[in-house]
Amino acid sequence: MVKYGLDYTRCRWILPLLLGIGVIFGIIALAGRGWLESQTLPYVQQASLWQNCRRPAQGGDWSCESLMGYAWGRAAAATYLVGFLILVICFALAIIAFAIDTLRFNFIRGIGGLLFVAAVFSIMGLVIYPVKFSSEIEMTGINMFSWAYGFGWTTAIMEICLGFFFCCLPNYEDQILGNVKPTYFYSSP
């Protein structure tokens with residue numbers, strides 16, 4: 001990417017594409033019902049960020065209770081949702097920043113700073129949820145934090161890594177724009 005600069009059409013959209021993938025992972029985490037799963041019989045439990053569902057027997061009906069009745073449930077959902085909304089804003093800003101022919105590198109660094117803020121909010125929600133869930137809701141059998149919770153952590157890790165990329169990209173402004181003279185290591189005989 002640095003060799004050809006951001007004007008090289010295939011490399012220009014890598015960072016916004018990765019942000020888009022992070023948004024998709026965030027949507028999966030918000031909508032997924034697999035934040036916590038228990039598959040030991042006779043109790044089966046499945047929880048999302050929004051509700052906790054139990055089935056007393058293998059053929060029984062699911063009974064669900066909202067986690068929004070708990071203060072920690074509202075806090076976990078709100079902080080993760082705020083982090084996700086900031087991620088969506090960063091995605092839109094990255095599309096705008098990379099669509100303009102003349103890149104504004106300070107603007108790109110600002111997107112990196114916003115990504116770090118999004119990561120802080122996402123991690124707060126991802127830490128509040130398991131700590132308070134396991135201490136305040138009765139769980140029996142073997143329970144595991146499952147795939148949707150993993151997508152939430154993947155989104156948070158992508159926010160941190162992409163924040164570093166967006167913050168460090170302006171340091172290579174001259175190389176990206178092609179303003180550096182090449183150095184040749186050739187000596188005449």
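Just so you know, residue 1 is the first one in the sequence shown, and it goes up from there.
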Check your understanding: So, Asn143 versus Glu37: side-chain donor-acceptor pair below 3.5 Å or not?
Key ->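 Their side chains do not contain a donor-acceptor pair, so the 3.5 Å distance test is not met.
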Review point. Step by step, would you call Ile123 with Ile160 a side chain to side chain contact (heavy atoms under 4.5 Å, CB included)?
Key: CA-CA 10 Å; Ile123 289 172; Ile160 292 169; 3.9 Å; yes
From [atom1] ([X]) to [atom2] ([Y]), nearest 0.5 Å:
X	Y	atom1	atom2	answer
Leu93	Leu114	CG	CG	7.0 Å
Phe91	Ile111	CZ	CD1	11.5 Å
Leu67	Trp50	CG	CH2	10.0 Å

Practice item. Mind running ring pair (Phe, Tyr, Trp, His ring centres under 6.0 Å) on Phe121 and Phe84 for me, showing each step along the way? Key: CA-CA 8 Å; Phe121 277 106; Phe84 175 74; over 10 Å; no
Exercise for review: Tell me, please, which residues at least two apart from Cys161 pass disulfide bond (SG atoms under 2.5 Å apart).
Suggested key: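 Checked Cys161 against disulfide bond (SG atoms under 2.5 Å apart); zero matches.
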Check your understanding: Among Met68, Glu65, Arg33, whose side-chain contact (heavy atoms from CB on, under 4.5 Å) with Gln51 holds?
Key ->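 Considering Met68, Glu65, Arg33, a side-chain contact (heavy atoms from CB on, under 4.5 Å) with Gln51 is found only for Arg33.
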Exercise for review: List the steps and the verdict of side chain to side chain contact (heavy atoms under 4.5 Å, CB included) for Trp13 and Ile95.
Suggested key: CA-CA 8 Å; Trp13 295 102; Ile95 294 291; 4.1 Å; yes
Practice item. May I have the step-by-step check of side chain to side chain contact (heavy atoms under 4.5 Å, CB included) for Ile86 and Val82, ending in yes or no? Key: CA-CA 6 Å; Ile86 294 173; Val82 166; 4.0 Å; yes
Review point. Taking the inter-plane angle between the rings of Tyr149 and Trp153 on a 0 to 90° scale, is it parallel (under 30°), tilted (30 to 60°) or perpendicular (over 60°)?
Key: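 Aromatic pair Tyr149/Trp153 classed perpendicular.
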Check your understanding: Taking a hydrophobic cluster as the set of Ile, Leu, Val, Met, Phe, Trp and Tyr residues connected by side-chain heavy atoms closer than 4.5 Å, whether directly or through intermediates, do Tyr70 and Val127 fall within one such cluster?
Key ->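 In one cluster with Tyr70: Val127, yes.
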Check your understanding: Is the CZ atom of Phe116 crowded by more than 12 outside heavy atoms at less than 6.0 Å?
Key ->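 Atom CZ in Phe116 is packed in, count exceeds 12.
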Check your understanding: Hey, mind stepping through Trp35 and Tyr129 against ring pair (Phe, Tyr, Trp, His ring centres under 6.0 Å) and telling me if it holds?
Key -> CA-CA 9 Å; Trp35 278 56; Tyr129 183 85; 4.9 Å; yes
Practice item. Could you check if a side-chain atom of Met158 sits within less than 4.5 angstrom of a side-chain atom of Ile21, using non-hydrogen atoms only? Key: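 They are in side-chain contact.
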Exercise for review: Decide side chain to side chain contact (heavy atoms under 4.5 Å, CB included) for Leu87 and Glu159; before the verdict, give the C-alpha distance in whole Å, the side-chain angles of both, and the deciding distance to 0.1 Å.
Suggested key: CA-CA 8 Å; Leu87 176 65; Glu159 290 168 347; 3.7 Å; yes
